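What follows is a set of notes on a single structure, which appears directly below.
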Number of protein chains: 2
Amino acid sequence: MPVTVLLVDDEILVRAGLRAVLGAQSDIEVVGEAADGAAVIPLVRRLRPDVVAMDVRMPLLDGIEATRAVLRTVADPPKILVVTTFEDDEYVYEALRAGADGFLLKRARPAEIVHAVRLVAAGESLLFPASVRRLAERYGDGSGRPARSVLERARLTEREAEVLRLMARGLSNAEIAAGLVVGAETVKSHVSAVLAKLGARDRTQAVIAAYESGFVEPR
Amino acid sequence: MPVTVLLVDDEILVRAGLRAVLGAQSDIEVVGEAADGAAVIPLVRRLRPDVVAMDVRMPLLDGIEATRAVLRTVADPPKILVVTTFEDDEYVYEALRAGADGFLLKRARPAEIVHAVRLVAAGESLLFPASVRRLAERYGDGSGRPARSVLERARLTEREAEVLRLMARGLSNAEIAAGLVVGAETVKSHVSAVLAKLGARDRTQAVIAAYESGFVEPR
DNA sequence: ACGGACCTCCCCCGCGCGGGGGAGACGAAC
DNA sequence: GTTCGTCTCCCCCGCGCGGGGGAGGTCCGT
(Lines give C-alpha, C1' and ligand atoms only; values in the text may rest on other atoms or scores of the structure.)
Protein backbone atom coordinates (compact mmCIF):
# COMPACT_ATOMS: atom_id res chain seq x y z
CA MET A 1 0.00 0.00 0.00
CA PRO A 2 1.26 3.45 -0.95
CA VAL A 3 2.32 6.21 1.38
CA THR A 4 -0.57 8.64 1.72
CA VAL A 5 0.26 12.33 1.86
CA LEU A 6 -1.71 15.42 2.82
CA LEU A 7 -0.47 18.68 1.31
CA VAL A 8 -0.81 21.83 3.38
CA ASP A 9 0.22 25.07 1.75
CA ASP A 10 -1.58 28.31 1.06
CA GLU A 11 -0.12 28.62 -2.41
CA ILE A 12 -1.96 26.58 -4.94
CA LEU A 13 1.11 26.45 -7.16
CA VAL A 14 3.18 24.82 -4.47
CA ARG A 15 0.49 22.24 -3.84
CA ALA A 16 0.28 21.54 -7.53
CA GLY A 17 4.02 21.14 -7.75
CA LEU A 18 4.17 18.76 -4.83
CA ARG A 19 1.24 16.82 -6.20
CA ALA A 20 2.99 16.48 -9.53
CA VAL A 21 6.27 15.37 -8.00
CA LEU A 22 4.86 13.04 -5.42
CA GLY A 23 1.96 11.74 -7.47
CA ALA A 24 4.36 10.50 -10.13
CA GLN A 25 5.65 7.95 -7.66
CA SER A 26 3.82 4.66 -7.64
CA ASP A 27 4.35 4.21 -3.91
CA ILE A 28 3.12 7.67 -2.94
CA GLU A 29 -0.44 8.92 -3.09
CA VAL A 30 -1.56 12.48 -2.42
CA VAL A 31 -4.88 12.05 -0.64
CA GLY A 32 -5.78 15.65 0.10
CA GLU A 33 -4.88 19.31 0.27
CA ALA A 34 -5.38 22.14 2.69
CA ALA A 35 -4.76 25.85 2.20
CA ASP A 36 -4.32 26.89 5.82
CA GLY A 37 -3.34 25.46 9.14
CA ALA A 38 -6.80 25.54 10.62
CA ALA A 39 -8.14 23.09 8.08
CA VAL A 40 -5.49 20.54 8.82
CA ILE A 41 -6.88 18.80 11.88
CA PRO A 42 -10.27 17.77 10.53
CA LEU A 43 -8.62 16.67 7.31
CA VAL A 44 -6.08 14.56 9.16
CA ARG A 45 -8.87 12.96 11.15
CA ARG A 46 -10.84 12.15 8.04
CA LEU A 47 -8.08 11.14 5.64
CA ARG A 48 -5.62 9.56 8.11
CA PRO A 49 -2.58 10.36 5.93
CA ASP A 50 0.77 8.79 6.66
CA VAL A 51 2.58 12.07 6.05
CA VAL A 52 1.60 15.72 6.21
CA ALA A 53 3.69 18.03 4.04
CA MET A 54 3.33 21.23 6.06
CA ASP A 55 4.16 24.73 4.94
CA VAL A 56 5.42 27.16 7.57
CA ARG A 57 3.84 30.46 6.64
CA MET A 58 0.10 30.11 6.27
CA PRO A 59 -3.02 32.05 7.12
CA LEU A 60 -5.05 31.34 10.25
CA LEU A 61 -2.59 28.89 11.75
CA ASP A 62 1.05 28.68 10.76
CA GLY A 63 2.87 25.42 10.24
CA ILE A 64 4.42 25.40 13.69
CA GLU A 65 1.13 25.83 15.49
CA ALA A 66 -0.60 23.43 13.18
CA THR A 67 2.07 20.82 13.85
CA ARG A 68 1.62 21.19 17.59
CA ALA A 69 -2.11 21.04 17.21
CA VAL A 70 -2.06 17.88 15.15
CA LEU A 71 0.36 16.06 17.40
CA ARG A 72 -1.50 17.15 20.50
CA THR A 73 -5.02 16.38 19.44
CA VAL A 74 -4.87 13.52 16.97
CA ALA A 75 -4.47 9.95 18.11
CA ASP A 76 -1.79 8.06 16.21
CA PRO A 77 -0.71 11.21 14.40
CA PRO A 78 0.84 11.29 10.95
CA LYS A 79 4.46 12.15 10.30
CA ILE A 80 4.99 15.86 9.83
CA LEU A 81 7.33 16.98 7.07
CA VAL A 82 7.81 20.72 7.27
CA VAL A 83 8.15 22.33 3.88
CA THR A 84 9.97 25.60 4.10
CA THR A 85 11.77 28.22 2.09
CA PHE A 86 15.23 29.48 2.69
CA GLU A 87 13.83 32.55 4.38
CA ASP A 88 12.00 30.52 6.98
CA ASP A 89 15.09 29.05 8.54
CA GLU A 90 14.48 30.71 11.88
CA TYR A 91 11.32 28.65 12.18
CA VAL A 92 12.86 25.39 11.19
CA TYR A 93 14.16 24.32 14.54
CA GLU A 94 11.11 25.58 16.29
CA ALA A 95 9.12 23.33 14.03
CA LEU A 96 11.28 20.38 14.87
CA ARG A 97 10.82 21.12 18.54
CA ALA A 98 7.11 21.17 17.96
CA GLY A 99 7.51 17.56 16.95
CA ALA A 100 8.04 17.67 13.22
CA ASP A 101 9.84 14.67 11.80
CA GLY A 102 11.85 16.48 9.20
CA PHE A 103 12.06 19.51 7.03
CA LEU A 104 12.39 20.12 3.36
CA LEU A 105 13.28 23.12 1.23
CA LYS A 106 10.89 24.02 -1.52
CA ARG A 107 13.83 24.44 -3.83
CA ALA A 108 14.91 20.86 -3.26
CA ARG A 109 15.21 18.63 -6.26
CA PRO A 110 12.24 16.35 -6.93
CA ALA A 111 14.27 13.28 -6.03
CA GLU A 112 15.09 14.79 -2.65
CA ILE A 113 11.46 15.61 -2.00
CA VAL A 114 10.40 12.08 -2.78
CA HIS A 115 13.20 10.73 -0.66
CA ALA A 116 12.19 12.91 2.28
CA VAL A 117 8.59 11.73 2.14
CA ARG A 118 9.63 8.09 2.03
CA LEU A 119 12.03 8.56 4.92
CA VAL A 120 9.63 10.19 7.32
CA ALA A 121 6.92 7.76 6.29
CA ALA A 122 9.28 4.96 7.28
CA GLY A 123 9.55 6.49 10.71
CA GLU A 124 12.95 7.97 10.17
CA SER A 125 14.01 11.55 10.44
CA LEU A 126 15.86 14.15 8.48
CA LEU A 127 18.50 15.96 10.40
CA PHE A 128 20.75 17.28 7.68
CA PRO A 129 18.99 16.89 4.35
CA ALA A 130 21.38 17.77 1.57
CA SER A 131 19.23 20.62 0.40
CA VAL A 132 19.02 22.14 3.84
CA ARG A 133 22.65 21.79 4.65
CA ARG A 134 23.28 25.24 3.31
CA LEU A 135 21.41 26.61 6.26
CA ALA A 136 24.32 25.60 8.38
CA GLU A 137 26.56 27.79 6.29
CA ARG A 138 24.84 30.84 7.66
CA TYR A 139 26.83 31.10 10.78
CA GLY A 140 27.00 33.77 13.34
CA ASP A 141 23.96 32.80 15.25
CA GLY A 142 21.18 30.41 15.68
CA SER A 143 23.24 27.26 15.85
CA GLY A 144 21.73 24.76 13.47
CA ARG A 145 20.12 22.84 16.14
CA PRO A 146 17.77 19.95 15.65
CA ALA A 147 15.27 19.02 18.26
CA ARG A 148 15.98 16.22 20.66
CA SER A 149 13.07 14.27 19.34
CA VAL A 150 14.49 13.97 15.89
CA LEU A 151 17.33 11.65 16.67
CA GLU A 152 15.36 9.75 19.18
CA ARG A 153 12.97 8.89 16.43
CA ALA A 154 15.69 8.06 13.96
CA ARG A 155 15.15 4.42 14.82
CA LEU A 156 18.72 3.29 14.76
CA THR A 157 19.16 -0.40 15.26
CA GLU A 158 21.01 -1.57 18.34
CA ARG A 159 24.18 -2.16 16.40
CA GLU A 160 23.96 1.18 14.63
CA ALA A 161 23.47 2.93 17.94
CA GLU A 162 26.52 1.21 19.34
CA VAL A 163 28.55 2.24 16.32
CA LEU A 164 27.34 5.83 16.68
CA ARG A 165 28.38 5.82 20.32
CA LEU A 166 31.87 4.76 19.34
CA MET A 167 31.96 7.29 16.52
CA ALA A 168 31.09 9.89 19.13
CA ARG A 169 34.12 8.83 21.09
CA GLY A 170 36.33 9.67 18.16
CA LEU A 171 37.11 6.15 17.05
CA SER A 172 37.97 5.36 13.44
CA ASN A 173 36.20 2.65 11.52
CA ALA A 174 39.13 0.31 12.08
CA GLU A 175 39.09 0.97 15.81
CA ILE A 176 35.37 0.43 16.01
CA ALA A 177 35.81 -2.84 14.13
CA ALA A 178 38.46 -3.94 16.60
CA GLY A 179 36.32 -2.91 19.53
CA LEU A 180 33.25 -4.75 18.30
CA VAL A 181 35.27 -7.67 16.96
CA VAL A 182 33.82 -7.48 13.47
CA GLY A 183 35.25 -6.69 10.07
CA ALA A 184 36.02 -3.18 8.92
CA GLU A 185 33.54 -3.61 6.07
CA THR A 186 30.80 -4.32 8.53
CA VAL A 187 31.51 -1.14 10.41
CA LYS A 188 31.39 0.76 7.14
CA SER A 189 27.94 -0.61 6.49
CA HIS A 190 26.71 0.45 9.91
CA VAL A 191 28.29 3.87 9.57
CA SER A 192 26.64 4.37 6.19
CA ALA A 193 23.30 3.35 7.66
CA VAL A 194 23.72 5.80 10.52
CA LEU A 195 24.64 8.62 8.16
CA ALA A 196 21.65 7.89 5.95
CA LYS A 197 19.19 7.73 8.81
CA LEU A 198 20.46 10.92 10.38
CA GLY A 199 20.74 12.72 7.09
CA ALA A 200 24.38 13.39 7.96
CA ARG A 201 26.97 13.90 5.27
CA ASP A 202 29.90 12.52 7.21
CA ARG A 203 30.79 11.11 10.59
CA THR A 204 31.44 14.56 12.01
CA GLN A 205 27.87 15.65 11.34
CA ALA A 206 26.62 12.41 12.81
CA VAL A 207 28.60 13.01 15.99
CA ILE A 208 27.27 16.56 16.16
CA ALA A 209 23.75 15.20 15.89
CA ALA A 210 24.56 12.73 18.65
CA TYR A 211 25.58 15.55 20.95
CA GLU A 212 22.83 17.94 19.96
CA SER A 213 20.15 15.34 20.45
CA GLY A 214 21.40 14.15 23.80
CA PHE A 215 22.26 10.77 22.39
CA VAL A 216 25.65 11.25 24.00
CA GLU A 217 26.22 13.70 26.79
CA PRO A 218 29.16 15.96 27.35
CA ARG A 219 31.07 15.68 30.57
CA MET B 1 42.96 -15.11 40.68
CA PRO B 2 45.19 -12.13 39.99
CA VAL B 3 44.19 -8.49 39.89
CA THR B 4 43.79 -7.47 36.24
CA VAL B 5 45.02 -4.02 35.21
CA LEU B 6 44.54 -1.87 32.12
CA LEU B 7 47.25 0.70 31.50
CA VAL B 8 46.21 4.01 29.94
CA ASP B 9 48.98 6.43 29.12
CA ASP B 10 50.05 8.12 25.93
CA GLU B 11 53.72 7.53 26.61
CA ILE B 12 54.97 4.11 25.68
CA LEU B 13 57.79 4.37 28.22
CA VAL B 14 55.40 4.94 31.09
CA ARG B 15 53.29 1.99 30.05
CA ALA B 16 56.37 -0.16 29.74
CA GLY B 17 57.53 0.91 33.18
CA LEU B 18 54.20 0.17 34.79
CA ARG B 19 54.00 -3.13 33.01
CA ALA B 20 57.44 -4.08 34.27
CA VAL B 21 56.68 -3.09 37.84
CA LEU B 22 53.20 -4.56 38.02
CA GLY B 23 53.84 -7.59 35.87
CA ALA B 24 56.56 -8.74 38.22
CA GLN B 25 53.93 -9.37 40.87
CA SER B 26 52.37 -12.80 40.83
CA ASP B 27 49.02 -11.44 41.99
CA ILE B 28 48.81 -8.69 39.37
CA GLU B 29 48.30 -9.13 35.65
CA VAL B 30 48.44 -6.36 33.04
CA VAL B 31 45.76 -7.31 30.55
CA GLY B 32 45.91 -4.38 28.14
CA GLU B 33 47.10 -0.93 27.21
CA ALA B 34 45.61 2.19 25.69
CA ALA B 35 47.33 5.31 24.44
CA ASP B 36 44.48 7.76 24.78
CA GLY B 37 41.28 8.30 26.67
CA ALA B 38 39.00 7.46 23.82
CA ALA B 39 40.28 3.94 23.49
CA VAL B 40 39.54 3.17 27.11
CA ILE B 41 35.85 2.40 27.00
CA PRO B 42 35.84 -0.37 24.40
CA LEU B 43 38.91 -1.86 26.02
CA VAL B 44 37.29 -1.83 29.43
CA ARG B 45 34.21 -3.46 27.99
CA ARG B 46 36.22 -6.15 26.33
CA LEU B 47 38.88 -6.81 28.93
CA ARG B 48 36.85 -6.14 32.09
CA PRO B 49 39.92 -5.16 34.13
CA ASP B 50 39.73 -4.80 37.89
CA VAL B 51 41.79 -1.62 37.83
CA VAL B 52 42.49 1.05 35.26
CA ALA B 53 45.75 2.94 35.73
CA MET B 54 44.80 6.22 34.11
CA ASP B 55 47.14 8.98 33.07
CA VAL B 56 45.84 12.54 33.29
CA ARG B 57 47.27 14.25 30.28
CA MET B 58 46.40 12.39 27.12
CA PRO B 59 45.27 13.21 23.61
CA LEU B 60 41.61 13.55 22.74
CA LEU B 61 40.16 12.67 26.10
CA ASP B 62 42.20 13.38 29.18
CA GLY B 63 42.20 11.14 32.22
CA ILE B 64 39.54 13.12 34.02
CA GLU B 65 37.10 12.98 31.19
CA ALA B 66 37.95 9.39 30.42
CA THR B 67 37.27 8.52 34.05
CA ARG B 68 33.87 10.16 33.87
CA ALA B 69 33.14 8.38 30.62
CA VAL B 70 34.04 4.98 31.98
CA LEU B 71 32.08 5.37 35.18
CA ARG B 72 29.09 6.71 33.32
CA THR B 73 28.89 4.24 30.49
CA VAL B 74 30.26 0.97 31.76
CA ALA B 75 28.24 -1.36 33.90
CA ASP B 76 30.10 -2.62 36.95
CA PRO B 77 33.03 -0.28 36.23
CA PRO B 78 36.61 -0.99 37.22
CA LYS B 79 38.48 0.93 39.89
CA ILE B 80 40.19 4.00 38.53
CA LEU B 81 43.69 4.71 39.72
CA VAL B 82 44.77 8.11 38.44
CA VAL B 83 48.44 8.28 37.60
CA THR B 84 49.65 11.81 37.91
CA THR B 85 52.72 14.00 38.10
CA PHE B 86 53.28 17.09 40.16
CA GLU B 87 52.60 19.14 37.07
CA ASP B 88 49.10 17.77 37.05
CA ASP B 89 48.23 19.14 40.47
CA GLU B 90 45.46 21.31 39.20
CA TYR B 91 43.48 18.31 38.05
CA VAL B 92 43.51 16.31 41.23
CA TYR B 93 40.32 17.74 42.60
CA GLU B 94 38.60 17.29 39.29
CA ALA B 95 39.65 13.67 39.28
CA LEU B 96 38.20 13.25 42.74
CA ARG B 97 34.88 14.60 41.64
CA ALA B 98 35.01 12.45 38.52
CA GLY B 99 34.98 9.40 40.74
CA ALA B 100 38.56 8.21 40.73
CA ASP B 101 39.37 5.67 43.43
CA GLY B 102 42.95 6.64 44.04
CA PHE B 103 46.00 8.56 43.00
CA LEU B 104 49.47 7.56 42.17
CA LEU B 105 52.50 9.71 41.51
CA LYS B 106 54.64 8.61 38.64
CA ARG B 107 57.69 9.19 40.79
CA ALA B 108 56.41 6.79 43.39
CA ARG B 109 58.60 3.84 44.28
CA PRO B 110 57.70 0.50 42.70
CA ALA B 111 56.52 -0.86 46.01
CA GLU B 112 54.10 2.05 46.41
CA ILE B 113 52.77 1.54 42.95
CA VAL B 114 52.08 -2.12 43.58
CA HIS B 115 50.54 -1.23 46.91
CA ALA B 116 48.24 1.34 45.32
CA VAL B 117 46.96 -1.14 42.76
CA ARG B 118 46.27 -3.78 45.39
CA LEU B 119 44.47 -1.26 47.58
CA VAL B 120 42.07 0.08 45.02
CA ALA B 121 41.49 -3.42 43.69
CA ALA B 122 40.42 -4.39 47.18
CA GLY B 123 37.79 -1.70 47.03
CA GLU B 124 39.50 0.69 49.36
CA SER B 125 40.04 4.31 48.59
CA LEU B 126 43.70 4.92 48.31
CA LEU B 127 45.02 7.25 50.96
CA PHE B 128 46.29 10.13 48.94
CA PRO B 129 49.95 10.86 49.01
CA ALA B 130 50.46 13.77 51.36
CA SER B 131 51.40 16.16 48.64
CA VAL B 132 48.39 15.26 46.59
CA ARG B 133 46.05 15.43 49.52
CA ARG B 134 47.04 18.98 50.36
CA LEU B 135 46.25 20.01 46.87
CA ALA B 136 42.91 18.33 47.01
CA GLU B 137 42.05 20.21 50.16
CA ARG B 138 43.23 23.47 48.79
CA TYR B 139 41.10 23.15 45.71
CA GLY B 140 38.30 21.50 47.58
CA ASP B 141 37.32 24.34 49.86
CA GLY B 142 37.99 26.94 47.23
CA SER B 143 34.63 26.16 45.73
CA GLY B 144 33.77 27.61 42.39
CA ARG B 145 37.09 27.00 40.83
CA PRO B 146 36.36 26.16 37.24
CA ALA B 147 38.56 23.48 35.86
CA ARG B 148 40.69 24.68 33.04
CA SER B 149 39.40 22.98 29.99
CA VAL B 150 41.42 21.20 27.41
CA LEU B 151 40.70 23.91 24.94
CA GLU B 152 41.70 26.75 27.22
CA ARG B 153 45.03 25.10 27.64
CA ALA B 154 45.29 24.59 23.92
CA ARG B 155 45.65 28.34 23.32
CA LEU B 156 43.84 28.43 20.03
CA THR B 157 44.21 31.64 18.07
CA GLU B 158 41.09 33.58 17.26
CA ARG B 159 41.02 32.30 13.72
CA GLU B 160 41.56 28.73 14.81
CA ALA B 161 38.76 29.02 17.31
CA GLU B 162 36.45 30.33 14.62
CA VAL B 163 37.38 27.45 12.36
CA LEU B 164 36.75 24.99 15.17
CA ARG B 165 33.33 26.51 15.78
CA LEU B 166 32.44 25.96 12.15
CA MET B 167 33.87 22.45 12.21
CA ALA B 168 31.58 21.83 15.18
CA ARG B 169 28.63 22.81 13.01
CA GLY B 170 29.41 20.11 10.55
CA LEU B 171 30.92 22.22 7.80
CA SER B 172 33.49 20.86 5.38
CA ASN B 173 36.76 22.66 4.71
CA ALA B 174 35.38 24.05 1.47
CA GLU B 175 32.28 25.34 3.23
CA ILE B 176 34.34 26.95 5.96
CA ALA B 177 36.52 28.58 3.32
CA ALA B 178 33.45 29.98 1.58
CA GLY B 179 32.05 31.22 4.86
CA LEU B 180 35.21 32.94 5.96
CA VAL B 181 36.00 34.15 2.45
CA VAL B 182 39.47 32.64 2.40
CA GLY B 183 41.11 29.91 0.38
CA ALA B 184 40.56 26.26 1.04
CA GLU B 185 44.28 25.87 1.69
CA THR B 186 44.09 28.43 4.44
CA VAL B 187 41.33 26.54 6.14
CA LYS B 188 43.39 23.39 5.90
CA SER B 189 46.22 25.13 7.70
CA HIS B 190 43.93 26.27 10.49
CA VAL B 191 42.34 22.86 10.78
CA SER B 192 45.73 21.21 11.00
CA ALA B 193 46.76 23.67 13.70
CA VAL B 194 43.58 22.95 15.66
CA LEU B 195 44.09 19.21 15.40
CA ALA B 196 47.69 19.50 16.54
CA LYS B 197 46.86 21.72 19.50
CA LEU B 198 43.99 19.54 20.64
CA GLY B 199 45.86 16.31 20.12
CA ALA B 200 43.03 15.24 17.85
CA ARG B 201 43.55 12.81 15.02
CA ASP B 202 40.82 14.13 12.79
CA ARG B 203 38.08 16.73 12.71
CA THR B 204 35.63 14.39 14.40
CA GLN B 205 37.84 14.09 17.45
CA ALA B 206 38.32 17.86 17.46
CA VAL B 207 34.56 18.39 17.47
CA ILE B 208 34.20 15.90 20.30
CA ALA B 209 36.78 17.81 22.29
CA ALA B 210 34.87 21.01 21.54
CA TYR B 211 31.72 19.52 23.04
CA GLU B 212 33.40 17.78 25.94
CA SER B 213 35.22 20.93 26.97
CA GLY B 214 32.20 23.17 26.69
CA PHE B 215 33.76 25.09 23.82
CA VAL B 216 30.50 24.57 22.03
CA GLU B 217 27.32 23.80 23.87
CA PRO B 218 24.47 21.57 22.89
CA ARG B 219 20.93 22.79 23.02
C1' DA C 1 6.88 -21.70 4.33
C1' DC C 2 7.61 -17.08 3.40
C1' DG C 3 9.01 -12.26 3.78
C1' DG C 4 11.49 -8.86 6.23
C1' DA C 5 14.65 -6.84 9.42
C1' DC C 6 19.17 -7.18 10.95
C1' DC C 7 24.10 -8.27 10.97
C1' DT C 8 27.81 -9.65 8.53
C1' DC C 9 31.29 -9.32 4.68
C1' DC C 10 32.73 -8.19 -0.13
C1' DC C 11 33.65 -5.43 -4.54
C1' DC C 12 34.89 -0.89 -7.00
C1' DC C 13 35.51 4.06 -7.07
C1' DG C 14 36.17 9.10 -6.22
C1' DC C 15 37.37 12.52 -3.20
C1' DG C 16 37.90 14.94 0.96
C1' DC C 17 40.96 14.88 4.50
C1' DG C 18 45.19 15.33 7.00
C1' DG C 19 50.52 15.33 7.12
C1' DG C 20 54.68 16.93 5.22
C1' DG C 21 56.93 20.60 3.66
C1' DG C 22 57.38 25.91 2.41
C1' DA C 23 56.58 31.02 1.80
C1' DG C 24 54.98 35.95 1.82
C1' DA C 25 52.51 39.84 4.40
C1' DC C 26 51.22 42.18 8.34
C1' DG C 27 51.13 44.05 13.11
C1' DA C 28 52.71 43.98 17.83
C1' DA C 29 56.32 43.59 20.92
C1' DC C 30 61.13 43.79 21.90
C1' DG D 1 65.24 48.36 13.60
C1' DT D 2 64.38 43.03 14.45
C1' DT D 3 61.78 39.30 16.09
C1' DC D 4 57.71 36.81 16.74
C1' DG D 5 53.05 35.30 16.08
C1' DT D 6 49.31 35.16 13.10
C1' DC D 7 46.95 34.73 8.80
C1' DT D 8 47.24 33.73 4.24
C1' DC D 9 48.23 30.57 0.19
C1' DC D 10 50.82 26.82 -2.24
C1' DC D 11 52.96 22.10 -3.37
C1' DC D 12 52.86 16.82 -3.09
C1' DC D 13 51.14 12.53 -1.26
C1' DG D 14 48.78 8.59 1.06
C1' DC D 15 44.80 6.91 2.91
C1' DG D 16 40.59 6.85 5.37
C1' DC D 17 36.10 7.77 4.30
C1' DG D 18 31.67 7.41 2.16
C1' DG D 19 28.61 5.97 -1.96
C1' DG D 20 27.30 2.51 -5.11
C1' DG D 21 26.37 -1.96 -5.65
C1' DG D 22 25.73 -7.11 -3.96
C1' DA D 23 25.28 -11.39 -1.02
C1' DG D 24 24.76 -14.89 2.61
C1' DG D 25 23.51 -15.75 7.30
C1' DT D 26 20.18 -15.69 11.45
C1' DC D 27 15.99 -14.69 13.73
C1' DC D 28 11.21 -13.57 14.00
C1' DG D 29 6.48 -12.78 12.95
C1' DT D 30 2.88 -13.92 9.76
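Predicted model, so just to flag it, every value in this text is computed and none were measured. Proteins get letters first, then strands, A, B, ... in listed order; numbering begins at 1 in each.
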**Criterion side chain to side chain contact (heavy atoms under 4.5 Å, CB included) on B/V191 and B/N173, from CA distance to verdict** = CA-CA 8 Å; B/V191 170; B/N173 287 341; 3.5 Å; yes
**Criterion salt bridge (Lys or Arg N to Asp or Glu O under 4.0 Å) on A/R159 and A/E162, from CA distance to verdict** = CA-CA 5 Å; A/R159 207 53 161 169; A/E162 179 66 13; over 6 Å; no
**Request:** Check the pair B/V52 / B/V8 against side chain to side chain contact (heavy atoms under 4.5 Å, CB included), numbers first and verdict last.
**Result:** CA-CA 7 Å; B/V52 175; B/V8 186; 3.7 Å; yes
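In this structure, A/R45 has no salt bridge (charged side-chain N to carboxylate O under 4.0 Å, His left out) partners at least two apart in sequence or on a different chain.
Atoms OG1 and CD1, on B/T67 and B/I80 in that order, are 5.0 Å from each other to the nearest 0.5 Å.
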**Request:** Go along nucleotides 13-30 of chain C 5' to 3' and tag each nucleotide: B for a protein heavy atom under 4.0 Å from its base, S when only backbone or sugar atoms are that close, - otherwise.
**Result:** ----SBB-----------
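Atom CZ of A/R159 and atom C1' of D/dC27 are 16 Å apart (whole Å). Atom NE2 of A/H190 is separated from atom P of C/dA5 by 16 Å (rounded to the nearest Å). Rounded to whole Å, atom P of D/dC12 lies 11 Å from atom CD of B/E185.
A rotation axis mapping the C1' atoms of four pairs onto the next four is fitted at both ends of the helix from C/dA1-D/dT30 to C/dC30-D/dG1 over five pairs, and the angle between these axes is 50° to 10 degrees.
Close to C/dC7, at under 4.0 Å from its OP1 or OP2, lies no side-chain N or O of A/T186. Residue A/T157 has no polar side-chain atom (N or O) positioned under 4.0 Å from OP1 or OP2 of C/dA5.
The two residues A/V163 and A/I176 have their closest heavy-atom pair at O-CD1, 4.1 Å.
Taking 4.0 Å as the cut-off between side-chain N and carboxylate O, A/E65 and A/R68 count as a salt-bridged pair. Salt bridge annotation for B/R201-A/E175: present, with a cationic side-chain nitrogen under 4.0 angstrom from a carboxylate oxygen.
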